[in-house]
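Here the structure is laid out as structure tokens; the discussion comes afterwards.
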Amino acid sequence: MKKIKFGIAGLGRLGKVHAQNIASKIENAELTAACSIVANELDFARDKLGVKNVYSDYKEMLSKADIDAVAIITTSSEHCWQIAAALDAGKHVFSDKPLGTTIDECRLAEEAVLRHPDLIFFLGFMRRFDPSYTYAMDQIKAGKIGKPYMVKATGIDPEALVQSAIKFSPTSGGIFIDMAIHDIDLMRWFLGSDPIEVYAGGSTFKHPEFKKSNDDETGIAMYKCANGSMGFIHVGRTASYGYHVETEVIGTEGTLRISPVPEKNLCFIYDQYGVRQECVGSFPERFAEAYLLEMENFVNCIQKNKKPDVNVYDGTKSTQIAFATAESYKKNSLISIKY
Ligand SMILES: NC(=O)c1ccc[n+]([C@@H]2O[C@H](COP(=O)([O-])OP(=O)(O)OC[C@H]3O[C@@H](n4cnc5c(N)ncnc54)[C@H](O)[C@@H]3O)[C@@H](O)[C@H]2O)c1
């Protein structure tokens, strides 16, 4: 089968992970072009990955590079115009989450996807491709827990990274826009229904710096969905033990828990502190397999001309829900979510 030629835009923290996967771990893909506004990221693509065609201008990559598809892993506010430009240039598009940083941006991407029904657009909600989450969804579809009626999700970043969260806080849109989008997507996916109401709050006990940008180090949000099901999302930035991502889906006949102990691996350490397991340290470590599987799925969709299960409207809806959550947090009141 013909290999899909990729151009990647953005080679920062996550872009490097995707670039390495495309360049050397996906059988039917090759990385032939790369674009970044940071010179040393282009050096990385050229020197470490052997990418010959590198560009500092995104539109130039689209017009000059020999590519079938573009992977967009740039700063979130760049995603939507870059999605539209790539589709208009006849390229298939993978964009990492979030779809956009405003609803207007998301609509721009929706229109571009509608203009090009023959091209594949794939949104990188990679948790859906993590083997444990996929397995949980299969159990739900097989009726193993009856009717799912509640999702409880926890996402706490490592305390070790808190200084960068403090620095990013004033421009991040706040803890819910910054952190909750994956949990919001999973809640919709598992419950098969969209939230219509949200009530959110936050607190800070350790790092008062967050308060200076009207943000918090911990946030909670409660959702009521159109079909009566419920969600509870807890996000935070101060896990002293590592990276804590955990999801629970409760149904009429049983419960699924994904990663209730965010263990690094199956090794137990017996030492002066007791008998213990280490915690997974970061998102690239916890979701390494998911990043690879989602990109393989994108390549497969292109080759088989199959529409991906996660679409542009999932991107808009999760963004709308995140904004409604942030509004509830700011106003300290129950918010109706309009779509
Ligand atoms: N799916 C996940 O789990 C996950 C995890 C982390 C980040 N992300 C998302 O991935 C994206 C990148 O995040 P990151 O942490 O790697 O950020 P980063 O700041 O480390 O990297 C961003 C990159 O975008 C490039 N860039 C910005 N504007 C550009 C432009 N106009 N043209 C070309 N390149 C441009 C920068 O050069 C940089 O390489 C964000 O949208 C973020 O929300 C997703």
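Because only heavy atoms are used, hydrogens play no part in the values below, and waters and symmetry mates are left out as well, while side chains stay in. Both counts, for ligands and for their atoms, begin at 1 and track the order of listing.
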Inset, instruction - Return the residue, atom name and 0.1 Å-rounded distance of the protein heavy atom closest to atom 43 (O) of ligand 1. - result: K97 NZ, 3.1 Å
Inset, instruction - Give the residue, atom name and distance (to 0.1 Å) of the protein heavy atom nearest atom 21 (O) of ligand 1. - result: G12 CA, 3.4 Å
Legend entry - K306, NZ atom: more than 12 neighbouring heavy atoms under 6.0 Å: yes
Inset, instruction - Check if K16 has a non-hydrogen atom at a distance under 4.0 Å from any atom of ligand 1. - result: no
Inset, instruction - Mark up the atoms of ligand 1 that fall under 4.0 Å of a heavy atom belonging to H79, in ascending order. - result: 41 (O)
Inset, instruction - Check whether any side-chain N or O of N311 sits under 3.5 Å from a backbone N or O of D314 as a donor-acceptor pair, and report yes or no. - result: yes
Inset, instruction - Mark the output for C35 as yes if a heavy-atom distance to ligand 1 is under 4.0 Å, and as no if none is. - result: yes
Legend entry - Check ion pair K264-E285 (N to O, under 4.0 angstrom): yes
Inset, instruction - Considering only non-hydrogen protein atoms, determine which one is nearest to atom 25 (C) of ligand 1 and report residue, atom name and distance to 0.1 Å. - result: G10 CA, 3.8 Å
Inset, instruction - Please determine which of R128, K317, R127 meets the salt bridge (Lys or Arg N to Asp or Glu O under 4.0 Å) test together with D185. - result: R128
Legend entry - Protein heavy atom at shortest distance from atom 27 (C) of ligand 1: T75 OG1, 3.2 Å
Inset, instruction - Check whether any protein heavy atom sits under 4.0 Å from atom 31 (N) of ligand 1. - result: yes
Inset, instruction - Report the part of F125 (side chain from C-beta onward, or backbone N, CA, C, O) that has a heavy atom under 4.0 Å from ligand 1; answer both or neither where that applies. - result: neither
Inset, instruction - Count the heavy atoms of every other residue, nucleotide or ligand shown that sit under 6.0 Å from NZ of K52, and state whether that count exceeds 12. - result: no
Legend entry - D194/R188 ion pair, N-O < 4.0 Å: yes
Inset, instruction - Determine whether the side chain, the backbone, both or neither of F283 has a heavy atom under 4.0 Å from any heavy atom of ligand 1. - result: side chain
Inset, instruction - Considering only non-hydrogen protein atoms, determine which one is nearest to atom 1 (N) of ligand 1 and report residue, atom name and distance to 0.1 Å. - result: D96 OD1, 2.9 Å
Legend entry - atom 41 (O) of ligand 1 protein-contacted (non-hydrogen atom, under 4.0 angstrom): yes
Legend entry - Region of L11 that comes within reach of ligand 1 [heavy atoms, distance under 4.0 Å]: backbone
Inset, instruction - Quick one: look at R13 and ligand 1, take heavy-atom pairs under 4.0 Å, and tell me if it's side chain, backbone, both or neither. - result: both
Inset, instruction - Look at atom 12 (C) of ligand 1 and say which protein heavy atom is nearest, naming residue and atom and giving the distance to 0.1 Å. - result: I73 O, 3.3 Å
Legend entry - Backbone N/O of T154 and side chain of H234: donor-acceptor pair under 3.5 Å: no
Inset, instruction - Note the single closest protein heavy atom to atom 37 (O) of ligand 1, along with its residue, its atom name and the distance in Å. - result: S36 OG, 2.9 Å
Legend entry - P98 N/O under 3.5 Å from ligand 1 N/O: no
Inset, instruction - Could you find the nearest protein heavy atom to atom 39 (O) of ligand 1 and give me its residue, atom name and distance? - result: E41 OE1, 2.2 Å
Inset, instruction - Identify whether the distance between the nearest side-chain nitrogen and carboxylate oxygen of R107 and E110 falls below 4.0 Å. - result: yes
Inset, instruction - Any atoms of ligand 1 less than 4.0 Å from a non-hydrogen atom of Q82? List them with their elements. - result: 30 (C), 31 (N), 32 (N)
Legend entry - Shortest reach to atom 11 (C) of ligand 1 by a heavy atom, considering only L42, T74, L14, V17: T74
Inset, instruction - Assess whether atom CG of N227 is packed by more than 12 heavy atoms of other residues, nucleotides or ligands within 6.0 Å. - result: yes
Legend entry - Exercise check, heavy-atom protein proximity under 4.0 Å to atom 19 (O) of ligand 1: no
Legend entry - Qualifying residues under ring pair (Phe, Tyr, Trp, His ring centres under 6.0 Å), relative to Y149, sequence neighbours excluded: none
Inset, instruction - Using atom types as modelled and distance alone, determine if a side-chain donor or acceptor of Q303 lies under 3.5 Å from a backbone N or O of K2. - result: yes
Legend entry - ligand 1 atoms in contact with H182 (distance to a heavy atom under 4.0 Å): 1 (N), 2 (C), 3 (O)
Inset, instruction - Measure from the side-chain N and O atoms of S336 to the backbone N and O of E197, and report whether any donor-acceptor pair falls under 3.5 Å. - result: no
Inset, instruction - Spell out, as yes or no, whether a donor-acceptor pair under 3.5 Å connects the side chain of E294 to the backbone of F129. - result: no
